[in-house]
Each structure stands twice: as structure tokens, then as C-alpha cells.
Number of protein chains: 2
Amino acid sequence: MATIKDVAKLAGVAISTASYALNNSDRISAATKQKVEAAAKTLNYKKNGFASDLKRTKTNTIALILSDLSGPFYSELIKGVQDVTSANNYDLIACNSIGGAQSTAVKFLTEKRVDGAIILAHNITDELTIESATYGTPLVLLDRYLDDNHVYHVEVDNIQGGYRATEYLITHGHTEIAYISGPAASNDNILRYQGYQNALMDYHLHLHSRWHIQGDFTREGGYRATKLLIAQKKLPHAIFYANDEMAVGGLHAFKENNIRIPEDLSIIGYDDIQLSEYVQPPLTTIKQPKYEVGALAAHLVFQILNGEKIDHHYKLSTELIERASVQPRKS
Amino acid sequence: MATIKDVAKLAGVAISTASYALNNSDRISAATKQKVEAAAKTLNYKKNGFASDLKRTKTNTIALILSDLSGPFYSELIKGVQDVTSANNYDLIACNSIGGAQSTAVKFLTEKRVDGAIILAHNITDELTIESATYGTPLVLLDRYLDDNHVYHVEVDNIQGGYRATEYLITHGHTEIAYISGPAASNDNILRYQGYQNALMDYHLHLHSRWHIQGDFTREGGYRATKLLIAQKKLPHAIFYANDEMAVGGLHAFKENNIRIPEDLSIIGYDDIQLSEYVQPPLTTIKQPKYEVGALAAHLVFQILNGEKIDHHYKLSTELIERASVQPRKS
DNA sequence: CTGTTAGCGCTTTCAG
DNA sequence: CTGAAAGCGCTAACAG
């Protein structure tokens, strides 16, 4: 492999000259520059990125860490991150955190291979996160809260979202509203449930534990939870699924049991995934500003990188998307 | 930032000793190792990944290059890649090729930041690809063919897939079959069309140019192409959409015009995207073995990395998924 | 088992 | 405008 040394030799100049020429410094005469470039071309010279990163002690790349690269992608979020990253002339790489401490994500975080990172992956431990943050890599967390001076947060207001969903159901005349939850450990889930409770309370409705069914954010889980609900003799008026995937699973269950949505029962989801528009009936749901989350997170990284003092916490709000899965209750 | 030098000093050993200790070499006594590790801990030492990559001249990571990180993800494909990458103890990063020569992808390819790459991105030029391959990075191309000694290919048999789709329509009694194509430049599209032509020929059916409508693989494009088809006075018996996205768009168009699928007209798609199962009616389509493509591609990278001599070309076959959008023609 | 030392390939002062 | 030289942080001979 040709190095800059070879290029310099072939061009008949000093190494530093070659380096300057290749990096478009204006200290180099046009003629010299030509020579060097020609030499580089004939040798098929490629700069070694690591060597220069090492020297400059910065990488110009930030990482987006996700629990699973192959998972359901937050496509909009990525787009947000991507747009501002490239606007700042930085590179973006995505890596997964499968494998915990052995994962690519941890390695990149830990070995200073990136200048900053945006994390949306529950399986990176808090300790590791703090540790990485401490030594100077700006870290923006998207899915949980960590009280550390070097860690920043952007979250969407899940309490408000949960509240809106529930309130919408209530104002459509439903009073018996079930909540099919995500995994108990999920922060998002806890907050949405919080919103659900608040709404119930504000409208003086009772919270029945029989209508809090455990799900897990998967379609399958939504299906099972719904079956369970159906197995209980009495149905609620409406169901708030903690995410759309589960609502889709629920739809299957209802179909199997000949329960019509929204005639017999209204349902609302959360997330506004692509599918929700196509399912029968189209799902009314709470949409999160995913693009904005991504863009904001990336912005923060750059502000921190620039040494600006900024807040540690940002909260974005949600939007209700009305489709056809909720109907006023005809009493 | 603490370096290995600091660690060595604090531990009272030589730099090399520290390095060995940190890398679990068995040449180091347990006691020394303890000392070094303790020192590293108190200094919050993190190895600098680049420095060691530079020294070892390998990175242990391979890249998966996609046209757009935020695009419709080939989730299964990524999973395939991921599984074999981590089985080989390698890291995987995904980067996007938006921005052409300025993109992260090109930078990583070109600056030797990865040991190998799998490319599924039309916007990386052939020249660049070959150039990168030439200097030794194993490259596996997923979406096109390039005749270069250093470039490897895995593709799914699109001719066969196109043939199957068309044949399926024919054996259901349809003789006037339209083809809504992808972008003219797309290799996949060309091959699928080839299969379509072959099937028509084998069954002695005519190829009418009025039934070859230009699309672009997007939902919107499928919608427009379908509108166009509808605007012509006569409808075909069936339509083969070069991908599912376009078929979904087509469905919208038909709905608007009160044309019932599959009663009035049968349609078949290609890809088996997640949506196709949920759309009304569920889409009959050609499924590609995406996971296998990903896994095989990653396998190849490692074989090449190990200096094994392997074929330059692999072809996987497709599968027809029967759902409800095709109906036998009642003449 | 431990220490000395020579680079990996590049950037960047600092003198010409 | 150009060149010599000093490292960035780490690894791996090699010699004790």
C-alpha cells in the first residue's frame, strides 16, 4: 500500500509538502500540487484515515447507537440525525449494541472512535454510559434518564401523549378504558401509563386493575394481551395500546373473535408506525416527532462539541393522528 | 486523557508491560497485571482504538453501506450480515452513501477504516468501487454486477423471480399482463423484466409495449403508473409490479377508480415487504431470501479476508408467496 | 517475566 | 514556498 512517503518520493518533494498538497493548503505552489497529485494518482494512494485521526485526535464522526440494527427502524429519527450531521460535515455511522459490553457500540464509545454519540439502546448499561461520557464524548440519550453532568437527554413527552390518547377516548364517550402496557421496565411505557392514569383521574374515572394488561411492545404480545382481555367476560369500551405494534396484534385477535373495530370497541395506539395507516381499520394513534428528536439530538452533540453550555434536558410533544379506529360511544 | 504511558508510570512498569497486561498476554505475572489494571482504573484509562488499529493495520470492522440509512430498511438482510459478523468477532457499522464522493461510506471505504464492506447503494460509482477494491478491501456487491477481480457478488435470481411471477399470472388464466417497471437504470428491474419477457415468450403470449409502464420503485410512482394504465381505455387482465411499494401505490389508484382487486384485475408484487401482508387485499408477491443474502455476503467477506479462493458470483433463488391479490380469470 | 526501542502513517511546527 | 523532524498512542520484536 502506498503511503504518503511513497508519494513524496515519486513527486520528488518532502513528505510535509506532499501532505500539504494533498490537503489543499495554500502554501503550496500550483505546480508542486500538480506533481504531487499526479504521483498520488499513479500510486493509487489512499490516505490512512486512522493515522490522521490519531494525529489530529478527532474523528469527525458521530455514532448512532441502536439496540439492534435490524430492528424496527426509527427511520424518521435517523433521517433527522443524518441531516444535521451532514450539515455539520460530520460522518455518521450506525452501530448496534447487541452483545452488551462486547458490542461494536461499546467498543466505539469506549475507544474514542467517535467524537460523539446518540444512544437509543436499553442494553447499554448506565455505568458504561456514564463512564464513556465522563471522559469527554458528548452523549445524548434518547430513551432514559441518567443524572450525570456529561449526559444530555431528549425525550418526547410520553406523559402528555398518554394523556392525550386517553382523553380522546374519554371525550368520545368511553368510560371503561383498558391499557395494554409495554414491558414493565420500559421508561416509555411507565410514562404513557402515567398519562393514562392522570387523564382518568382528571375525568373522575376509576382505574380498574383488571384493565391493565401486560404486553411487551410486540405484535405477538398485543395479540396475547387482547386474547386475555377477550377471555374475561366483560369487554371495556376502548383500549389504549402502549404502541402500534401491539394494536396491530390486537386487531388480529379481535378479528378472530368477530369483534368489530370500531363498532364494538374503539382502540388507539401510539407511535404512528407506517403500518397503522394500512391496517383495517386505520389506526388512530399518537405520533411522536421522530425526525425532530433525531435532529435535535444531533444538534446537541455539536453544541457540546463546540463547548457551548446547554440544558441537559429537552422535551418534545406529541400529536394525535385521527384515523378510523375510534368511534363515539353510542350509549 | 490518560494514555498507556500514564498507566505504566503510575503502575511503575514499562509501557510495554502495561500494554501486555492490558491485552491479557500470558507473559505477565498476575501481580503485575493487577497493578496495571488498578492504575488504569484510577486514571480512567481508555485505549485509543485508532492508535492500535494503526499499529496492527487492521480494524476488525466491516461496513455495510446503504444508499440511505433512513430508507426502507432491509431489516432481514442486516440481520443476516450482523449474525455472521458477530460470530466472527468482528464489528459492524452501517453507513450511508448519501452525498456521493463526500459521503461517510466513501470515506470509510477509501481511507481504510474498515477491513471489508458490503455494498447495497446505487449511488457509489463503479469506479470508486473498483478503486476501493483494488487496494485490498474485500467488497461484496449486492445490487449490481461489476467485472473486477476484487469484487464479489451475491444476487437473488431476479430473472427467475420475474419469470415465476409472470408464469403464476399466466397459469391463472391471464393473458394480457402489464409490467410496471422500476427505474430504467436499475439492474434488478431489468432482470425482472427479462423474466417477464421470457415467461411471455415461453407461453406464446405477445409482448405489448402499451403494457410496459415506467415506474420508479416508489409508492407514488406505482400510483401514477397505475393511473396512466387506467387512463388507457382497456385494462389488462393482470399486472406485475416490479416491487411491492409500487403495488401498494397501485392499490390506491384502483380504489379511487372503483376497480376491485382481485375481482376485476389481478396483481402481483415483488419483495414481500412487511406491508404487503396488511394491505387490502393482501398482496401475492415474490419473496427474496434477504437474510440469506446478508449472511452469505458477510461470509464471503471473511473468506476473502482469510485469503481463500472463492467464486466471484453467487445467486440465490426466490419464493412465491400466495396471498389474495391474484384470482383465476373467469373468462 | 520485564524493559528498550522502533516504528504504524500522518500532521504540523519551525527553520530555511 | 519547501523540508527536516517531532510526535499522536499504541504494539511487538528483541534483548535482557
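Labels below follow one simple rule: chain letters A, B, ... track the order of the sequence lines, proteins then strands, and each chain is numbered from 1.
Bending across the helix from C:dC1-D:dG16 to C:dG16-D:dC1, expressed as the angle between its end axes from five pairs apiece, amounts to 40° (10° rounding).
With a cutoff of under 4.0 Å to any heavy atom of chain B, the contacted region of DNA chain C is bounded 5' to 3' by C:dC1 to C:dG9.
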Checklist entry - What is the per-nucleotide protein-contact pattern of nucleotides 11-16 of chain D, from the 5' end, where B denotes a base atom under 4.0 Å from a protein heavy atom, S denotes such proximity for sugar-phosphate atoms only, and - denotes neither? => result BBBBB-
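By the ring-ring contact (aromatic ring centres under 6.0 Å, His included) test, B:Tyr90 is found to be paired with B:Phe302, residues two or more places apart in sequence or in another chain being considered. For the ring-ring contact (aromatic ring centres under 6.0 Å, His included) test, residues two or more places apart in sequence or in another chain that qualify with B:His313 are B:Tyr145, B:His153.
Judged by distance alone, with hydrogens and angles left aside, the side-chain atoms of A:Asn60 form a donor-acceptor pair with the main-chain N or O of A:Asn89 at under 3.5 Å. Between the side chain of B:Asn306 and the backbone N or O of B:Gln303 there is no donor-acceptor pair closer than 3.5 Å.
Scanning residues 32-40 of chain A for heavy-atom distances under 4.0 Å to DNA chain C yields an empty list.
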Next on the checklist: The test is side-chain contact (heavy atoms from CB on, under 4.5 Å); show your working for A:Lys33 and A:Asn24 and say whether it passes.
Outcome noted: CA-CA 8 Å; A:Lys33 194 167 165 196; A:Asn24 297 315; 2.9 Å; yes
Checklist entry - Which is it for B:Ile65 and B:Phe108 under the side-chain contact (heavy atoms from CB on, under 4.5 Å) test, yes or no, and what are the steps along the way? => result CA-CA 10 Å; B:Ile65 298 180; B:Phe108 274 67; over 6 Å; no
Checklist entry - After noting the C-alpha distance and the side-chain angles of B:Phe50 and A:Thr59, does the key distance pass the side-chain contact (heavy atoms from CB on, under 4.5 Å) rule? => result CA-CA 9 Å; B:Phe50 294 132; A:Thr59 66; 2.9 Å; yes
Item to check | Chi angles and distances behind the side-chain contact (heavy atoms from CB on, under 4.5 Å) call for B:Val140, B:Leu142 | outcome: CA-CA 7 Å; B:Val140 177; B:Leu142 261 31; 3.9 Å; yes
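When rounded to the nearest whole Å, the span between CG of A:Asn48 and C1' of D:dC10 equals 14 Å. A:Lys5 places its NZ atom 13 Å from the C1' atom of D:dA5, with the value rounded to the nearest Å.
Nearest heavy atoms, B:Ala298 versus B:Thr85: CB-OG1, 4.2 Å. Considering every non-hydrogen atom in both A:Ala121 and A:Leu66, the closest pair reads CB-C, 3.8 Å.
Among the atoms of the strands shown, only primed sugar atoms or phosphate atoms (P, OP1, OP2) are found under 4.0 Å from some heavy atom of A:Ile28. At the heavy-atom level, B:Asp26 lies under 4.0 Å from the strands shown only through sugar-phosphate atoms.
In this structure, CD1 on B:Ile4 lies 11.0 Å from CG on B:Asn48, to the nearest 0.5 angstrom.
Side-chain polar atoms of B:Thr218 and B:Asp216 form a donor-acceptor pair below 3.5 angstrom. With no hydrogens or angles considered, a side-chain donor-acceptor pair links A:Thr104 and B:Asp91 at under 3.5 Å.
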